[in-house]
Amino acid sequence: MTERARHWRYEELPGVDLLRARYVRKTFVRHTHENFVIAAIADGVEVFHHGGGDQYAGAGALALVNPDTPHTGRAGVPEGWRYGAVYPSVDVVAEIAAETTTLRGTPGFVSPVMDDPYAVGLVHQVLRAADEGNALAADTLLRVAVTRLLRLNGGPMPRRQVRAAGARIAARARGVLEERMAQPPTLEQLAADLGTSPFALLRAFRNAYGMPPHAWLTDARVRRARRLLDLGTAPSEVAVAVGFTDQPHLNRHFSRIVGVPPGAYQRERKNVQDLR
């Protein structure tokens, strides 16, 4: 019942994050990823809110989330869940799709849960090969796994249908929050600057990005924190740079989105930094 997690990168798999974890009480808040999520469940059950409802992925199934898609995560049974995951970038998946499938444009996954013990095994083999430093096997197995998933469950990347006026307001608000991440305005101030009302802005932002501005901002801060940690910036400095009050504040939000504390995240990725 002990929780443990390792989030790392293997230098021979550029553009791919790796995770191996067991969670029991862990709860992931609503968040997004820049990369695809391909999570292979080994034991237990994961429940994640996605697309307006709860999705259940048990042993032998995969949880599949497209980039920039809001979702959560928690245990679906008392013993939690154990899984391994790969997070390939949009470019990596698009390259594999163009070479091995008939999908064109930006590919994505159609269903968020897929029962496929064979593909689950492939994902765990990728992680094992990365652990052993077997670059040829890791690269080969990743490509085989992604190809299989796209052929069985692939399609054009789903897009949110948002009215043009609301989309423009939401995009402008997002730009302000990105620019003023460390010192963001209140919802009322942001709405006034954009010439709209707080509730109209809130509604437009939710429709465009699947979460309210304050939740999106926390997600964006963690994304930027990851980039700074990858560059070797100390977690205490990262916290201030992205707008958290202190390092414990960063630790809390980072762990609830990434799954590991920022210090552990940075230590695992330091080898990649040194090699580069």
Side-chain angles (χ1 to χ4, degrees), residues 27-37 48-54 65-74 87 89-90 106 108 112 156-231 233-259 261-262 265:
T27 299
F28 289 90
V29 297
R30 195 165 179 81
H31 65 285
T32 64
H33 294 275
E34 292 178 292
N35 292 5
F36 285 87
V37 179
F48 60 105
H49 194 81
H50 176 289
D54 282 344
V65 182
N66 294 319
D68 298 314
T69 301
H71 61 287
T72 62
R74 59 182 172 83
Y87 302 82
S89 69
V90 173
T106 304
M157 183 77 79
R159 301 210 175 270
R160 285 181 170 271
Q161 299 298 319
V162 184
R163 290 187 305 171
R168 285 195 296 270
I169 290 173
R172 289 170 60 197
R174 174 175 172 163
V176 172
L177 294 176
E178 287 178 334
E179 185 177 338
R180 299 176 58 184
M181 185 173 290
Q183 294 182 312
T186 65
L187 180 65
E188 184 176 5
Q189 292 169 340
L190 182 58
D193 290 344
L194 298 176
T196 187
S197 72
F199 280 105
L201 173 58
L202 180 60
R203 186 165 54 248
F205 205 97
R206 278 183 180 274
N207 290 339
Y209 302 115
M211 59 180 78
H214 71 277
W216 180 91
L217 179 60
T218 298
D219 194 43
R221 283 172 166 169
V222 170
R223 283 193 183 194
R224 188 171 294 182
R226 290 182 63 176
R227 296 191 192 103
L228 292 173
L229 291 167
D230 285 344
L231 293 173
T233 309
S236 58
E237 297 176 19
V238 170
V240 175
V242 302
F244 290 119
T245 53
D246 52 26
Q247 188 173 337
H249 193 199
L250 167 65
N251 291 354
R252 183 167 64 255
H253 288 292
F254 197 95
S255 296
R256 293 171 69 192
I257 288 176
V258 181
Y265 172 91

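Everything numeric here is computed off the predicted structure, so don't read it as measured data.
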Start with the C-alpha gap between H71 and H49, add the side-chain angles, then the distance that decides, and say whether side-chain contact (heavy atoms from CB on, under 4.5 Å) holds. CA-CA 5 Å; H71 61 287; H49 194 81; over 6 Å; no

Roughly how far apart are [X] [atom1] and [Y] [atom2], rounded to 0.5 Å?
X	Y	atom1	atom2	result
F254	T218	CZ	OG1	13.5 Å
H214	T186	NE2	OG1	14.0 Å
D219	M211	CG	CE	5.0 Å
R224	L229	CZ	CG	13.0 Å
R252	Q247	CZ	CD	12.5 Å
R227	T233	CZ	OG1	12.5 Å

Nearest atoms (heavy-atom pairs only) where [X] meets [Y]:
X	Y	value
M181	V242	CG-O, 3.4 Å
A204	A170	O-CB, 3.7 Å
P184	L217	CG-CD2, 3.6 Å
A225	L250	CB-CD1, 4.0 Å
A241	A182	O-CB, 4.1 Å
R30	G210	NE-O, 3.0 Å

Are the aromatic ring centres of F36 and Y87 under 6.0 angstrom apart? no

Within the supplied structure, the quantity of interest is the number of heavy atoms (other residues, nucleotides, ligands) at a distance under 6.0 Å from E178 CD; does it exceed 12? yes

May I ask you to decide if [Y]'s main-chain N or O and [X]'s side chain share a donor-acceptor pair within less than 3.5 Å?
X	Y	result
T72	F48	no
D246	H249	yes
S255	N251	yes

Cation-aromatic face contact R74/F28, 6.0 Å, 45 degrees: no

Does the cation-pi check pass for R221 over F244, that is, NZ or CZ under 6.0 Å from the six-membered ring centre and within 45° of its axis? yes

Please name all residues satisfying side chain to side chain contact (heavy atoms under 4.5 Å, CB included) with S89, sequence neighbours left out, ordered by chain then number. N35, D91, V92

Per the side-chain contact (heavy atoms from CB on, under 4.5 Å) rule, which among L201, L202, T196 passes with L190? L201

Do the non-hydrogen side-chain atoms of [X] and [Y] ever get within less than 4.5 Å of each other?
X	Y	value
V258	R226	yes
L177	P213	yes
M157	P67	yes
Q183	R180	no
V176	R172	no

Using a distance-only test with no angle check, is there a side-chain donor-acceptor pair under 3.5 angstrom linking D230 and Y265? yes

Taking atom types as modelled, find out whether T32 and R223 have a side-chain donor-acceptor pair closer than 3.5 angstrom. yes

Is the H33 ring parallel, tilted or perpendicular to the H31 ring (thresholds 30°, 60°)? perpendicular

Taking the inter-plane angle between the rings of F205 and W216 on a 0 to 90° scale, is it parallel (under 30°), tilted (30 to 60°) or perpendicular (over 60°)? perpendicular

